[in-house]
Amino acid sequence: MAKKQFKAESKRLLGLMINSIYTNKEIFLRELISNASDALDKRYYLSLTDADKKVAKKDLNIRIERNSADHILVIEDTGIGMTKDEMEANLGTIARSGSAEFRDQLEKASKNIDIIGQFGVGFYSAFMVAKTITVESRSASSDEAWVWVSSGEDGYTINPCDKETVGTRITLELKDDTEDEKYSRYTEEHVIRELVKKYSDYVRYPIIMEVEKHIPDPTDDKKSIITKEDETLNSMIPLWKKNRKKITDEEYNEFYKAKFNDWNDPLKVIHYSVEGNISYTALLFIPSQAPYNFYNTDFESGLQLYSKGVFIMDKAKELLPDCFRFVTGLIDSEDLSLNISREILQQDRQVKALAASIEKKIHSALEDMLKDEREKYEKFFEQFGQNLKYDIYKSYGMNAEKLQDLLIYRSGSEGKYTTLQEYVDRMPEGQKEIYYACGPSIAEIQKLPALDRLRDKGYEILCFTDAVDEFAVSMIGAYKEKPFRNVTKGDLDLDTEEEKKERTEKTEANKDMLAAMKDALGDTVKEVRISSRLKDDPVCLVADEGVSLEMERILSQDPRNSGMKANKILEINPSHPIFETLADLYAENPDTVKDYAKVLYDQALLIEGLAIDDPVDYSRRITELMIRAAKH
Ligand code: ADP
């Protein structure tokens, strides 16, 4: 049969694998064994649920054959196998979704190999060590067997072949040894033995290899003879069934990486058992990096579900609340039926109880991490905090009570993380609200003119840099009875009685000028008024109660929300020289303040990080003012 081409992304990925400079090439064996173990899981499950597909547990295994002379390594399993179509679909393309993102990140990937692991390139990793790969497979649901052969980027062939037994046999013809890389070591007994121990010990099916044994020579007790016999290389005890105290960090890490397709160690391991109405063991992980598509709709969350050590299904999302969808891992319960389907999962009362229990455990693990491992928690929050905030918003605040104490924000002049409780505990006397300001970065927020007077009073300001931030706190409403307050919205109520009186008088005395400025700006602003929040800067733009400036900016990205506008108010600093200048100009000739009003409004927009409507007009006015000033 003619040679077929790999899909474009797969081809580039292959190229990357073949030429990989990744030093940890040995992980290819872990990947192939992990695929074999998955295939065995599927076959065993089928055998328990389909009377026609019975298979004895003892016949489920993985066999490794090695041939040092020919540089050949074989990994064979008696798993579910692949049909011709499955071979085409699974080995001709990257298994995982997200090819577009992959393409975007591929460039970066060659410099930062970390990314590769996130794309589920398991099988292809064999191309790091092999020049030719042959996959013979016979599916449990077919009488035919097929062989797939590829030597890399120039494509692959699929042809019929003879294979008596169900399962998959993968033959690697190893690359030739180079000065830097001794590929032939992967046919050495002790190397394979060590790699299986290191990466695949927990695999619940025997990984069998023929090994050499030295036994005493019965004819001459000074000599020994070498015989060959099968040996199971792995302990086969699932990691989650082992005594927690006896498991090393490295074991957890290797297990996680092998099973959950991540190149990085997990940030946090949550391993526990519960006895009770529903008994189960959980081995859960919080990744150290959000998967590349975590915040996209194609991200699939969920836990693996086992019943008495038998794999039932992957990505059971009913077991995980949305707020914690970043958690991966597995649940093994004796109390669930093997025949449980996805449909039943959605309604089952036991499953609901199980999910509630898992949620509680994750919640308290996060609380503990926040309390005892602050730095780690901050790392966690940088990756997944948005998800917590988004959940508060999406649940219309129903989950606020539950999640609010897990939130941390950058705050104060140093921009250190704080919890809401810590913020409230530090509030000086007289501060009634929790202040926050929105902007694209901490640095830009810190420069906002509206922050000055609050700072003078010793009030801290939370920095909101995520689009979801303000929407989330609007759902929380108030924390410990302290309402949240955007520093550029409404009345901050910072003045003393005396200051208030002064401001009212000044407003009264200048009301015609303020009205003329408002007139000049038309409907773009609701009001031009004297500010109580400014200290050194001339103007700022704020919003009335309701939609804030930041919310308007975010909402405007979706055309359906075009009607959601902030009621803008231009505030002028009464203690800034510009105020006297405006008053003088207005007294001389009321028309001149119109130009000033427009320029000041545009400046206020720029300070807020918002676009001005007509930059050409703005520039023209500034130039005119410069010329006028020079003539004076
Ligand atoms: P992943 O295992 O992450 O899905 P791989 O590239 O390693 O990605 O494998 C792609 C797919 O090929 C697997 O999902 C599986 O369907 C199939 N596959 C790989 N190895 C085997 C095997 N030994 N037996 C049966 N199917 C396999």
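Every value quoted in this text rests on a predicted model; they were computed, and no experiment measured them.
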Are Arg325 and Phe294 in a cation-pi setup, meaning NZ or CZ lies under 6.0 angstrom from the ring centre and within 45 degrees of the ring axis? yes

Where the side chain of Gln304 meets the backbone of Asp314, is there a donor-acceptor pair that is under 3.5 Å apart? no

Looking at every non-hydrogen atom in both residues, tell me the closest pair between Leu448 and Cys438 and how far apart they are. CD1-O, 3.9 Å

Would you check if the side chain of Asn573 reaches a backbone N or O of Lys535 as a donor-acceptor pair within less than 3.5 Å? yes

Per ring-ring contact (aromatic ring centres under 6.0 Å, His included), Phe326 is matched among Tyr390, Phe380, Phe381 by Phe380

Non-hydrogen atoms of Met564 and Leu555 that approach each other most closely: CB-CD1, 3.6 Å

Whether the side chain of Ser357 engages the backbone of Ala353 through a donor-acceptor N/O pair (distance < 3.5 Å, no angle test) should be reported. no

So, using salt bridge (charged side-chain N to carboxylate O under 4.0 Å, His left out) as the criterion, who are the partners of Glu508 when residues are at least two apart? Lys511

Are any of the side-chain heavy atoms of Tyr393 and Glu470 separated by less than 4.5 Å? no

Could you check whether any side-chain heavy atom of Lys518 comes within less than 4.5 Å of a side-chain heavy atom of Val525, counting everything from C-beta outward? yes

Between Glu300 and Lys315, does the salt bridge (Lys or Arg N to Asp or Glu O under 4.0 Å) criterion hold? Intermediate values first, please. CA-CA 7 Å; Glu300 247 192 296; Lys315 308 271 180 205; 5.9 Å; no

Just list the side-chain donor-acceptor pairs under 3.5 Å for residues 600-614, sequence neighbours left out, or say none.
{"from": "Asp614", "atom 1": "OD1", "to": "Val616", "atom 2": "N", "distance (Å)": "3.3"}
{"from": "Asp614", "atom 1": "OD1", "to": "Asp617", "atom 2": "N", "distance (Å)": "3.2"}

State, yes or no, whether a side-chain contact exists between Tyr377 and Ile408 at a heavy-atom distance under 4.5 Å. yes

List in chain and number order the residues that pass side chain to side chain donor-acceptor pair (under 3.5 Å) with Glu545, two or more places apart in sequence or in another chain; answer none if no residue qualifies. Arg485

Residue pairs involving residues 546-561 (criterion salt bridge (charged side-chain N to carboxylate O under 4.0 Å, His left out); sequence neighbours excluded): Glu550-Arg553, Glu552-Lys568, Asp558-Arg560

The side-chain contact (heavy atoms from CB on, under 4.5 Å) partners of Lys526 (sequence neighbours excluded) come to Asp544, Asn567

Within a strict 4.5 Å, meaning less than it, do heavy atoms of the Ile569 and Leu541 side chains meet? no

What residues form a side-chain contact (heavy atoms from CB on, under 4.5 Å) with Ser413, not counting sequence neighbours? none

Do Thr419 and Tyr409 touch side chain to side chain, with heavy atoms closer than 4.5 Å? no

Other residues, nucleotides, ligands: >12 heavy atoms within 6.0 Å of Lys500 NZ: yes

Identify the two heavy atoms, one from Leu451 and one from Ala437, that lie closest to each other, and give their separation to 0.1 Å. CD1-CB, 3.9 Å

Counting only heavy atoms from other residues, nucleotides and ligands, does the tally under 6.0 Å from CD of Gln557 exceed 12? yes

Measure across Ala450 and Val487 and return the closest heavy-atom pair with its distance rounded to 0.1 Å. CB-O, 4.0 Å

Give a yes-or-no answer on whether the side chains of Glu499 and Ser532 include a donor-acceptor pair shorter than 3.5 Å. no

Closer than 3.5 angstrom, by distance alone: can the side chain of Ser619 be matched with the main-chain N or O of Pro615 as a donor-acceptor pair? no

Establish, from distance only, whether the side-chain atoms of Gln421 and Tyr479 form a donor-acceptor pair under 3.5 Å. yes

With a cut-off of 6.0 Å (strictly less than), are more than 12 heavy atoms of other residues, nucleotides or ligands near CD of Glu505? yes

Take Cys323 and Leu403 through the side-chain contact (heavy atoms from CB on, under 4.5 Å) test and state the conclusion after the steps. CA-CA 9 Å; Cys323 55; Leu403 299 176; 3.8 Å; yes

Short N-O contact, Arg621 and Glu624, less than 4.0 angstrom: no

Answer yes if the side chains of Asp265 and Tyr256 hold a donor-acceptor pair under 3.5 Å, and no otherwise. no

Which atom of Thr418 lies closest to which atom of Ser411, heavy atoms considered: CG2-CB, 3.4 Å

Is a salt bridge present between Lys257 and Glu254, judged by a nitrogen-to-oxygen distance below 4.0 Å? yes

Any side-chain heavy atom of Asn253 sitting closer than 4.5 Å to one from Pro266? yes

Is Glu433 paired with Lys482 through a side-chain N to carboxylate O contact shorter than 4.0 Å? no

With side-chain contact (heavy atoms from CB on, under 4.5 Å) as the test, would you mind laying out the steps for Phe471 and Ile392 before giving the verdict? CA-CA 9 Å; Phe471 292 87; Ile392 291 175; over 6 Å; no

Would you say the side-chain atoms of Tyr423 pair up with the backbone N or O of Tyr435, donor to acceptor, closer than 3.5 Å? yes

Does the side chain of Ile572 come within less than 4.5 Å of Leu514's, by heavy atoms? yes

Residues passing the salt bridge (charged side-chain N to carboxylate O under 4.0 Å, His left out) test with Glu422, sequence neighbours excluded, are Arg374

Test: Glu460 and Arg426 ion pair at under 4.0 Å: yes

Suppose we screen for ring pair (Phe, Tyr, Trp, His ring centres under 6.0 Å). Which residues come up paired with Tyr295, at least two apart in sequence or across chains? none

Residue pair Lys457 / Gln431, side-chain donor-acceptor N/O under 3.5 Å: no

Partners of Asp519 by salt bridge (charged side-chain N to carboxylate O under 4.0 Å, His left out), sequence neighbours excluded? none

How about CG on Asn589, more than 12 heavy atoms from neighbouring residues, nucleotides or ligands closer than 6.0 Å, or not? yes

Go through it in stages, so that I can follow the logic: the residues are Leu284 and Thr328, the test is side-chain contact (heavy atoms from CB on, under 4.5 Å), and I'd like the CA-CA distance, side-chain angles, deciding distance and then a yes or no. CA-CA 6 Å; Leu284 309 176; Thr328 60; over 6 Å; no

Lys/Arg N to Asp/Glu carboxylate O, Arg533 vs Asp493, below 4.0 Å: no

Using every non-hydrogen atom in the two residues, find where Ala597 and Leu521 come nearest and quote the distance to one decimal. O-CD2, 3.9 Å

I want to check something: taking the side chain as every heavy atom from C-beta on, are Ile530 and Phe579 in contact at a cut-off of under 4.5 Å? yes

Could you list the donor-acceptor pairs under 3.5 angstrom formed by side chains in residues 365-372, with sequence neighbours left out?
none

Evaluate the criterion salt bridge (Lys or Arg N to Asp or Glu O under 4.0 Å) for residue pair Arg620 and Asp595; output intermediate values, then yes/no. CA-CA 11 Å; Arg620 190 178 52 74; Asp595 269 351; over 6 Å; no

Can you run down the salt bridge (charged side-chain N to carboxylate O under 4.0 Å, His left out) pairs that involve residues 386-414, sequence neighbours left out, and say none if there aren't any? Asp322-Lys394, Glu359-Lys402, Glu382-Arg410, Lys389-Asp466, Lys389-Asp469, Glu414-Lys416

Are there over 12 heavy-atom neighbours, none belonging to Lys352, within less than 6.0 Å of that residue's NZ? yes

Could you list the residues that satisfy side chain to side chain donor-acceptor pair (under 3.5 Å) with Lys361, not counting sequence neighbours? none

Between Gln446 (side chain) and Gly412 (backbone), is there a donor-acceptor pair under 3.5 Å? yes

